[in-house]
Amino acid sequence: MKVIKLTGGILESNGYIIYQNKGGDCYIIDPGHSGPRFVEQIKKNCFNPKGIILTHHHPDHVGGMKAIQEAFDCPTYMHEMDALVFKKTIDVHLKDGDVFDLEGEELKVISTPGHTKGSICLMSEKSRICFTGDTIFDTDLGRSDLPGGDEAEMEDSVRNIISKWENDIFIYPGHDQGATMKTVRTYNTEYLAIMEGQGR
């Protein structure tokens, strides 16, 4: 799987276009800013967009969605718990365990509540990569003090889901830089505090 990263907006959010080959299928993950930039990249590479996948409902991750919807006939996906509070139409409500197929490679939906009720991560075991939205970053975790956030759920997601990811998994987060889980286990103090039973 290949990844195009587009960063922008006042909060410097990361959006991604994932694909296998130029001229082939693609998915757009979290187009939170400047939708026309995503449209330009899709057209430039002659991609066939299969859908827009949103890791959660916050504006800095969905802001560019409309421009892509207007340019291409492709569905929009969001976890059912976030779709309930989102004010715009979502075509498909996701749940834990759902799978996207990208030209033979699977991308699995992992429910990781904490930042929002419907926060998800998207894991490709084949490529050893995971798109984590605002659940986990290289050196910290997503906020849980915003509407829909829950500190106990975040801690549960870390202990029971994220902690099981192997060191070679590379995370592509919603902000900041990507990192391997080995790096997360070395420098992410909030992750380490939870794993040591201290909370964060």
### Query
With a cut-off of 6.0 Å (strictly less than), are more than 12 heavy atoms of other residues, nucleotides or ligands near CD of Glu40?
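Counting other residues, nucleotides and ligands, CD of Glu40 stays at 12 neighbours or fewer.
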### Query
Does Asp73 CG have over 12 foreign heavy atoms under 6.0 Å away?
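No, CG of Asp73 has 12 or fewer neighbouring heavy atoms, counting only those of other groups under 6.0 Å.
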Give a yes or no on whether the backbone of [Y] and the side-chain of [X] come within a donor-acceptor separation of less than 3.5 Å.
X      : Y      : value
Asn21  : Gly24  : no
Lys117 : Pro113 : no
Glu155 : Ile194 : no
Thr76  : Asp91  : no
Asp150 : Ala152 : yes
Gln69  : Cys74  : no
Thr112 : Ser157 : no
Asp98  : Val109 : no

#### Entry: Stepwise side chain to side chain donor-acceptor pair (under 3.5 Å) check, Asn188 with Thr139
CA-CA 4 Å; Asn188 191 318; Thr139 58; over 6 Å; no
Nearest heavy-atom neighbours spanning [X] and [Y]:
X      : Y      : result
Ala179 : Asp138 : CB-CB, 3.7 Å
Cys121 : Trp165 : SG-CH2, 3.9 Å
Leu141 : Glu190 : N-OE1, 2.8 Å
Phe38  : His33  : CE1-O, 3.3 Å
Phe170 : Gly178 : CZ-C, 3.5 Å
Leu54  : Ile120 : O-CD1, 3.8 Å

Using the rule that Ile, Leu, Val, Met, Phe, Trp and Tyr join whenever any side-chain heavy atoms are under 4.5 Å apart, tell me whether [X] and [Y] fall into a single cluster.
X      : Y      : answer
Val62  : Leu84  : no
Leu94  : Ile110 : no
Ile129 : Ile4   : no
Ile29  : Met65  : no
Ile53  : Ile17  : no

### Task
Would you tell me whether Glu106 and Ser124 have side-chain atoms, one donor and one acceptor, within less than 3.5 Å of each other?
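Not at all, the side chains of Glu106 and Ser124 share no donor-acceptor pair under 3.5 Å.
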### Asp82 versus Thr116, side-chain donor and acceptor atoms under 3.5 Å
yes
Is the shortest heavy-atom distance from the side chain of [X] to the side chain of [Y] under 4.5 Å?
X      : Y      : result
Glu153 : Ser144 : no
Asn167 : Thr180 : no
Val158 : Ile136 : no
Ile52  : Pro31  : yes
Phe72  : Val39  : yes

### Query
Among Asp60, Asp140, Thr7, Asn14, which one satisfies side chain to side chain donor-acceptor pair (under 3.5 Å) with His175?
Asp60
### Query
Tyr16: what forms a ring-ring contact (aromatic ring centres under 6.0 Å, His included) with it, not counting sequence neighbours?
Phe131, Tyr172
### Salt-bridge contact Glu125-Arg128 (side-chain N to carboxylate O under 4.0 Å)
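Here Glu125 pairs with Arg128 in a salt bridge, since their nearest N and O are under 4.0 Å apart.
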### Message
Tell me whether Glu166 is salt-bridged to Lys182, with the criterion being a basic N under 4.0 Å from an acidic carboxylate O.
### Response
no
### Query
Under the side-chain hydrogen bond (donor to acceptor under 3.5 Å, both in side chains) test, which residues partner Glu12, sequence neighbours left out?
none
Spacing of [X] atom [atom1] and [Y] atom [atom2] [to the nearest 0.5 Å]:
X      : Y      : atom1 : atom2 : answer
Leu6   : Ile28  : CG    : CD1   : 10.5 Å
Thr183 : Ile171 : OG1   : CD1   : 9.0 Å
Lys87  : His57  : NZ    : NE2   : 10.0 Å
Met195 : Ser163 : CE    : OG    : 4.0 Å
Leu146 : Arg143 : CG    : CZ    : 4.0 Å
Lys5   : Ile18  : NZ    : CD1   : 15.5 Å

### Task
Kindly indicate, with the supporting measurements, whether the criterion side chain to side chain contact (heavy atoms under 4.5 Å, CB included) is fulfilled by Met1 and Leu102.
CA-CA 8 Å; Met1 184 181 293; Leu102 182 59; 4.1 Å; yes
### Query
For His79 and Ser111, what are the C-alpha separation, side-chain angles and deciding distance, and is it a side chain to side chain contact (heavy atoms under 4.5 Å, CB included)?
CA-CA 8 Å; His79 190 278; Ser111 179; 3.9 Å; yes
### Message
Strictly by ring pair (Phe, Tyr, Trp, His ring centres under 6.0 Å), give each pair with a member in residues 83-123 just once, sequence neighbours left out.
### Response
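Passing the test, one end in residues 83-123: Tyr27-Phe100, His56-His115, His58-His115, Tyr77-Phe100.
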